[in-house]
Amino acid sequence: MSNSLKVALLGCGTVGSQVAQVLLDQSDELKARVGREIELVAIAVRDINKPRPGIDSALLTADVEALLGRRDLDIVVELIGDIEPAGSYLRAALSARASVVTANKALLAVAGPSLFEIAEANKVDLYYEAAVAGAIPIIRPLRESLVGDQITSVKGIVNGTTNFILEKMYNDGADYQDVLAQAQLLGYAEADPTADVEGFDAAAKAAILAGLAFHTQVVLDDVGREGITNLSADDIAAAKDMGCTIKLLARCDLADDGSVSAGVYPTMVPLSHPLAGVHDAYNAIFVESRYAGHLMFMGKGAGGAPTASAVLGDIVIAARNRARGPAGLHLSAYHQRKIIPNDLVCSKFYVSMNVVDKPGVLAEVAKVFARHEVSLQAVRQNPDLGAARLGVMTHPARLSDLKAAVIDLETLDAVSAGVTLIRVEEE
């Protein structure tokens with residue numbers, strides 16, 4: 001039992017370099033926590049000649065296949081991202097009976113169930129706390145702490161870039177493009193921000209959360225997705241008027257009949273809701289369960305240090321399991337729940353459109369909604385130079401009915417511009 005636990009690291013970027021430094025610099029502390037030494041034996045990188053201060057160049061290798069071919073590895077930590085070749089690497093590591101720690105949300109959202117099957121068959125661990133919300137502990141609470149409860153809803157802000165952009169639009173009244181440019185200058189948004197602003201990043205996380213919360217297999221294709229690129233300053237102003245802010249929410253719900261839904265949408269959130277108070281690039285996840293009630297987890301959801309913290313936590317737990325013998329818990333997906341199609345998910349909506357400012361327009365619009373069995377709760381109108389921006393709040397309705405109503409609204413002579421839909425969170 002005195003021999004070390006051998007760890008290989010795939011990737012040495014912003015997160016990987018910090019993980020490596022801790023493994024190298026705090027080996028005594030980690031040994032005390034695990035009971036055995038954790039030895040970083042190799043780091044796979046693209047360019048072994050790139051300077052990496054504080055990391056011995058003898059640890060670096062560009063030959064991932066040869067590294068994974070070693071039979072003495074206890075833990076493989078994957079921090080390279082993308083679905084391939086990362087998926088092939090992890091399948092090889094698990095098949096060789098090495099435990100795996102990963103932060104790869106895209107891979108888990110597409111191939112998570114198959115990876116867990118390999119891990120379980122080989123009696124090794126697959127941990128991924130860093131895949132959803134950086135340093136925020138949410139995977140382990142869902143996977144372990146709340147496993148005896150019945151979770152009915154998980155909703156949250158799981159992308160800091162969009163939260164920063166939407167808050168700046170809310171506070172400054174600025175347009176989306178101007179705030180996006182500012183976010184890019186500050187390093188919150190990538191040069192190509194598509195994964196964040198179109199909701200792809202958050203959708204992958206929603207798939208992971210829904211599968212954990214409801215003990216069923218949920219993959220990326222099951223998740224509805226809308227981004228924030230079409231939001232206007234008027235939408236933000238409308239939210240303010242109604243005592244709301246707008247957040248890009250990932251939400252996963254368990255229906256009374258046992259079916260589940262998962263999606264990512266711009267959502268008007270009442271200022272009284274805890275998620276409305278999540279600022280800047282922070283993340284937060286709000287859990288509703290039968291026995292524990294309401295729980296919220298909040299913190300830094302991205303960045304090198306917070307993500308490295310979550311990765312290191314998983315390494316320690318995987319190492320403890322390795323040292324003691326048995327693997328930890330595997331994916332609990334004993335249900336085969338029906339996934340509700342996005343168009344059939346019900347929500348309150350705020351519907352806005354440019355209309356000609358003349359008598360009778362509201363009546364025409366109301367008839368269209370009534371024809372599609374969409375009930376209206378409130379109306380907002382903003383006159384501007386002979387035209388008006390008309391907004392209506394609906395009672396809960398299916399997205400398919402709203403879409404059908406929008407098609408008809410856009411054929412009206414009184415509607416002079418495109419119609420937008422924004423979901424509204426209940427208080």
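Count residues from 1 along the sequence. No hydrogens, no waters, no symmetry mates; every other heavy atom, side chains included, goes into these values. Computed from a prediction, not measured in an experiment: that's the story for all the values here.
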Just verifying a value: how many Å separate Leu67 CG and Leu60 CG, rounded to the nearest 0.5 Å? 11.5 Å

Would you say Glu288's side chain and Thr152's backbone share a donor-acceptor pair under 3.5 angstrom? no

Which pairs with one or both residues in residues 274-295 pass ring pair (Phe, Tyr, Trp, His ring centres under 6.0 Å), sequence neighbours excluded? His273-Phe286, Phe286-His294

Are the side chain of Gln21 and the backbone N or O of Asp25 linked by a donor-acceptor pair below 3.5 Å? no

Arg389 and Ser352 side chains, donor-acceptor separation under 3.5 Å: yes

Checking side-chain polar atoms at under 3.5 Å, does Thr194 have a donor or acceptor matched by the opposite partner on Asp192? yes

With a cut-off of 6.0 Å (strictly less than), are more than 12 heavy atoms of other residues, nucleotides or ligands near CZ of Arg91? yes

Is it true that the side chains of Asp408 and Thr411 contain a donor and an acceptor less than 3.5 Å apart? no

I need the Arg52 CZ to Leu59 CG distance, nearest 0.5 Å. 11.0 Å

Stepwise side-chain contact (heavy atoms from CB on, under 4.5 Å) check, Ile165 with Tyr188: CA-CA 9 Å; Ile165 290 172; Tyr188 286 118; over 6 Å; no

Does Arg70 CZ have over 12 foreign heavy atoms under 6.0 Å away? yes

Listed once per pair and sorted, the side-chain hydrogen bond (donor to acceptor under 3.5 Å, both in side chains) pairs that draw on residues 247-257, sequence neighbours left out: Ser153-Asp253, Asn163-Lys247, Arg251-Asp253, Arg251-Glu425, Asp257-Ser259

Would you check, one step at a time, whether the test side chain to side chain donor-acceptor pair (under 3.5 Å) holds for Glu198 with Thr229? CA-CA 7 Å; Glu198 293 293 356; Thr229 54; 3.3 Å; yes

Calculate, to the nearest 0.5 Å, the distance between atoms CD1 and CD1 belonging to Ile136 and Ile138 respectively. 8.5 Å

Residues Pro266 and Ile422: closest non-hydrogen pair is O-CG2, 3.6 Å

I want to check something: taking the side chain as every heavy atom from C-beta on, are Met242 and Met393 in contact at a cut-off of under 4.5 Å? yes

So how far is it from Leu209 CG to Lys155 NZ, rounded to the nearest 0.5 Å? 13.5 Å

Heavy-atom check, side chain of His335 versus side chain of Val260, under 4.5 Å: no

Can you tell me if Gln336 has over 12 outside heavy atoms packed within less than 6.0 Å of its CD? no

If you count the non-hydrogen atoms of other residues, nucleotides and ligands that lie under 6.0 Å from CD in Glu410, is the total more than 12? yes

Taking Asp47 for its side chain and Asn49 for its backbone only, find out whether a donor-acceptor pair lies under 3.5 Å. yes

Test Asn3 against every option in Arg36, Glu37, Glu39 by the side chain to side chain donor-acceptor pair (under 3.5 Å) rule and name the one that passes. Arg36

Considering all heavy atoms of both residues, which atom of Ala319 and which atom of Ile38 are nearest to each other, and what is their separation? CB-CD1, 3.9 Å

For Leu231 and Leu166, what are the C-alpha separation, side-chain angles and deciding distance, and is it a side-chain contact (heavy atoms from CB on, under 4.5 Å)? CA-CA 9 Å; Leu231 291 176; Leu166 291 173; 3.5 Å; yes

Could you report the tightest heavy-atom contact between Ala207 and Val223, atom names first, then the distance? CB-CG2, 3.8 Å

Can you see which heavy atom on Leu248 is nearest to which on Gly199, and at what distance? CD2-CA, 4.4 Å

Tightest non-hydrogen contact, residues Ala405 and Val368, listed as O-CG1, 3.5 Å

Donor-acceptor side-chain pairing of Tyr176 and Asp235 below 3.5 angstrom: no

Which pairs pass side-chain hydrogen bond (donor to acceptor under 3.5 Å, both in side chains) with one or both residues in residues 5-20, sequence neighbours excluded? Ser4-Lys6

Are more than 12 heavy atoms, taken from residues, nucleotides or ligands other than Asp178, located less than 6.0 Å from that residue's CG atom? yes

Given side chains that start at C-beta, do those of Arg337 and Phe214 come closer than 4.5 Å, heavy atoms only? yes

Gap between atom CG of Asp401 and atom CD of Glu373 - 0.5 Å precision: 7.0 Å

Are Val19 and Ile315 side-chain neighbours, meaning at least one heavy-atom pair lies under 4.5 Å? yes

Only pairs at least two apart or in different chains count here, so list each side-chain hydrogen bond (donor to acceptor under 3.5 Å, both in side chains) that has a residue in residues 216-225. none

To the nearest 0.5 angstrom, please state how far the CD1 atom of Ile317 sits from the CD atom of Glu129. 8.0 Å

Side chains of Thr267 and Ile246: closer than 4.5 Å at any heavy-atom pair? no

N/O donor to acceptor pairs below 3.5 angstrom from side-chain atoms of residues 340-351, sequence neighbours left out:
{"unit_1": "Asn342", "atom_1": "OD1", "unit_2": "Tyr265", "atom_2": "OH", "d": "2.5"}
{"unit_1": "Asp343", "atom_1": "OD1", "unit_2": "Lys403", "atom_2": "NZ", "d": "2.8"}
{"unit_1": "Lys348", "atom_1": "NZ", "unit_2": "Gln377", "atom_2": "OE1", "d": "3.4"}

NZ or CZ of Lys240 within 45° of Tyr170 ring axis and under 6.0 Å: yes

How would you list all residue pairs meeting side-chain hydrogen bond (donor to acceptor under 3.5 Å, both in side chains) that involve residues 297-309, not counting sequence neighbours? none

